[in-house]
Visitor: 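Please see the structure below; I have some questions.
Because the structure is a prediction, the values reported are computed rather than measured.
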Amino acid sequence: MTVGTANHEPVVDGLVEVWQSLTAACEGIGPEEWDLATDCPGWTVRDQLSHIVGVERMVMGDEAPPPLEDVPAHVLNAFAELNEPWIEARRALPGPEVLSEFIAVTDRRAAELRDMPPERFDVVGWAPMGQLPFRDFLVTRLFDSWAHEQDVRRALGRPGGRNGPGEGSALDTCASSMPYVVGKRVAPPDGTTICFEVTGVLGRRVSVKMSGGRAEPAQVSGSEVPDSTLSMDQETFWRLGFGRVDAAQVLSGGQVRIEGDVALGQRVLESMAFMI
């Protein structure tokens, strides 16, 4: 992958790393493996690459396929509805052909990003989640691409691509979303403190406290006992946040330990999937 040198934005470096890692995960797989189901409902390994192809071509201004007459049940928002025709258009293509397009599109996108002047990354503009500085929009592309890489790797049984900038951005996004999860979805009484103990190379403690009907990030002192503490590894944390696994699965599999108010902890677990 050859890229320009007008800037040295870390988020672009991260995207290139993830796209190259996803390419490596798919090289040499058999014809039947392209049709393996992944953790994203309705999507196969082939569809995961088609999704990224579609998003990157859309943001580069390429002409889109016509809208679908019948929108599949797994399409849950307007942006996904825009993206799904790109995926449908590639479902009949051989997997290696989709991979070749993925490489060409991500090479082109990486070169375009590298050639942008540094100030371009501060410009506020459109993003699927609202108006954002361009750099922040690219962070969403980073964790999205990485999450889909992991979907592919899990389906293929080819682990890898862990503990780099993609996973770091995914964990940061999950951590910053926990006040929304606790405050809006669970809405416990004021004074309630929830603590997520996340283990692993990129693990962290994420504490959230209710005050004035809102949940805010909190620093929990050594003497303070949270109302509920949820302990899990970093993969379980992001998979719950990104809706790749549900509360019943991680509890029955022993992947999460709840201390304190168990019922409250279970409600939090059941509400963690903020990404659709």
Visitor: Would a 4.5 Å heavy-atom cut-off, applied to side chains only, mark Asn83 and Val55 as touching?
Guide: yes
Visitor: Determine whether the side chains of Ser169 and Asp172 contain a donor N or O and an acceptor N or O closer than 3.5 Å.
Guide: no
Visitor: If you take all heavy atoms of Phe237 and Cys174, which pair is closest and at what distance?
Guide: CE2-CB, 3.6 Å
Visitor: Which residue pairs pass the salt bridge (Lys or Arg N to Asp or Glu O under 4.0 Å) test when at least one of the two sits in residues 43-52, sequence neighbours left out?
Guide: Asp35-Arg46, Asp47-Arg91
Visitor: Quick check against the 3.5 Å criterion: does Asp227 have a side-chain atom that pairs as donor or acceptor with the backbone of Thr193?
Guide: yes
Visitor: Would a distance-only check, ignoring hydrogens and angles, find a side-chain to backbone donor-acceptor pair under 3.5 Å from Thr38 to Val152?
Guide: no
Visitor: Going through the checks in order, is the side-chain hydrogen bond (donor to acceptor under 3.5 Å, both in side chains) test met by Gln234 and Asn163?
Guide: CA-CA 10 Å; Gln234 65 192 50; Asn163 298 312; 2.7 Å; yes
Visitor: Hey, is Lys209 close enough to Glu224 for a salt bridge, meaning N to O under 4.0 Å?
Guide: yes
Visitor: Parallel under 30°, tilted from 30 to 60°, perpendicular over 60°: which one fits the rings of His74 and Trp43?
Guide: perpendicular
Visitor: Do Glu112 and Arg109 have side chains that get closer than 4.5 Å, going by heavy atoms?
Guide: yes
Visitor: Are any non-hydrogen side-chain atoms of Cys40 and His148 less than 4.5 angstrom apart?
Guide: yes
Visitor: So, does Glu33 use its side chain to make a donor-acceptor pair with the main chain of Gly30 at under 3.5 Å?
Guide: yes
Visitor: Is any side-chain heavy atom of Phe196 closer than 4.5 Å to a side-chain heavy atom of Leu240?
Guide: no
Visitor: Under 4.5 Å between side-chain heavy atoms, hopping through other hydrophobics if needed: is there a path connecting Leu156 to Val98?
Guide: yes
Visitor: Leu264 and Ser228: which non-hydrogen atoms are nearest, and at how many Å?
Guide: CD2-CB, 4.2 Å
Visitor: According to a hydrophobic-cluster definition based on side-chain heavy atoms being under 4.5 Å apart (Ile, Leu, Val, Met, Phe, Trp, Tyr only), do Val201 and Val18 belong together?
Guide: yes
Visitor: Taking the side chain as every heavy atom from C-beta outward, state whether Leu49 and Arg90 have any atom pair closer than 4.5 Å.
Guide: no
Visitor: Got a second to check how far Ile103's CD1 is from Gln20's CD, nearest 0.5 Å?
Guide: 10.0 Å
Visitor: Side-chain contact, heavy-atom cut-off 4.5 Å: Trp34 with Pro94?
Guide: no
Visitor: Any donor-acceptor pair under 3.5 Å linking the side chain of Gln48 with the backbone of Val45?
Guide: no
Visitor: State, to 0.1 Å, how close Ala37 and Ala155 come at their nearest heavy-atom pair, and which atoms those are.
Guide: O-CB, 3.5 Å
Visitor: Give a yes or no on whether the backbone of Gly161 and the side-chain of Trp146 come within a donor-acceptor separation of less than 3.5 Å.
Guide: yes
Visitor: So, do Glu167 and Arg162 sit near enough that their side-chain heavy atoms are less than 4.5 Å apart?
Guide: yes
Visitor: Is any NZ, NE, NH1 or NH2 atom of the basic residue among Glu56 and Arg108 found under 4.0 Å from an Asp or Glu carboxylate oxygen of the other?
Guide: no
Visitor: Show your working on side chain to side chain contact (heavy atoms under 4.5 Å, CB included) between Arg239 and Gln150 and close with a plain yes or no.
Guide: CA-CA 10 Å; Arg239 290 188 74 217; Gln150 294 305 306; over 6 Å; no
Visitor: Please set out all donor-acceptor pairs under 3.5 angstrom arising from side-chain atoms of residues 265-275, sequence neighbours excluded.
Guide:
| residue | atom | partner | partner atom | Å |
| --- | --- | --- | --- | --- |
| Arg267 | NH2 | Val186 | O | 2.7 |
| Ser271 | OG | Arg267 | O | 2.8 |

Visitor: Show your reasoning for whether side chain to side chain contact (heavy atoms under 4.5 Å, CB included) applies to Arg158 and Ile29.
Guide: CA-CA 10 Å; Arg158 291 187 169 189; Ile29 68 175; 3.6 Å; yes
Visitor: For Glu32, does the CD atom sit with more than 12 other heavy atoms under 6.0 Å from it, leaving out its own atoms?
Guide: yes
Visitor: Taking atom CD1 of Ile194 and atom CE of Met210, what is their separation to the nearest 0.5 Å?
Guide: 9.5 Å
Visitor: Answer yes or no: is there a donor N or O on one side and an acceptor on the other, between the side chain of Arg214 and the main chain of Gly212, under 3.5 Å?
Guide: no
Visitor: Please report the C-alpha distance between Arg154 and Glu235 in whole Å, then the side-chain angles of each, then the deciding distance to 0.1 Å, and finally whether the side chain to side chain contact (heavy atoms under 4.5 Å, CB included) criterion is met.
Guide: CA-CA 12 Å; Arg154 287 181 66 84; Glu235 182 176 21; 3.1 Å; yes
Visitor: Do Val124 and Phe137 share a hydrophobic cluster (ILVMFWY, side-chain heavy atoms under 4.5 Å, transitive)?
Guide: no
Visitor: Identify the two heavy atoms, one from Pro85 and one from Pro66, that lie closest to each other, and give their separation to 0.1 Å.
Guide: CB-O, 3.5 Å
Visitor: Applying side chain to side chain contact (heavy atoms under 4.5 Å, CB included), run through Glu101 and Arg57 and close with a yes or a no.
Guide: CA-CA 11 Å; Glu101 183 184 15; Arg57 289 190 61 181; 3.0 Å; yes
Visitor: A side-chain contact here means heavy atoms from C-beta on lying under 4.5 Å apart; do Phe143 and Trp238 qualify?
Guide: no
Visitor: What distance separates Glu17 CD from Glu149 CD, expressed to the nearest 0.5 Å?
Guide: 8.5 Å
Visitor: Treat each ILVMFWY residue as a node, draw an edge where side-chain heavy atoms are under 4.5 Å apart, and state whether Leu202 and Leu15 are in one component.
Guide: yes
Visitor: How close do Ser145 and Trp19 get, counting heavy atoms only, and between which atoms?
Guide: OG-NE1, 3.1 Å
Visitor: Taking atom CZ of Arg257 and atom CG of Leu251, what is their separation to the nearest 0.5 Å?
Guide: 12.5 Å
Visitor: Return the CG to CE distance between Leu82 and Met58, rounded to the nearest 0.5 Å.
Guide: 6.0 Å
Visitor: Give the minimum heavy-atom separation between Pro189 and Thr192, together with the two atoms involved.
Guide: O-OG1, 2.8 Å
Visitor: Do Met60 and Phe121 share a hydrophobic cluster, counting only Ile, Leu, Val, Met, Phe, Trp and Tyr and linking them when any side-chain heavy atoms are less than 4.5 Å apart?
Guide: yes
Visitor: Once you round to the nearest 0.5 Å, how far does CG of Asp39 lie from CZ of Phe242?
Guide: 13.0 Å
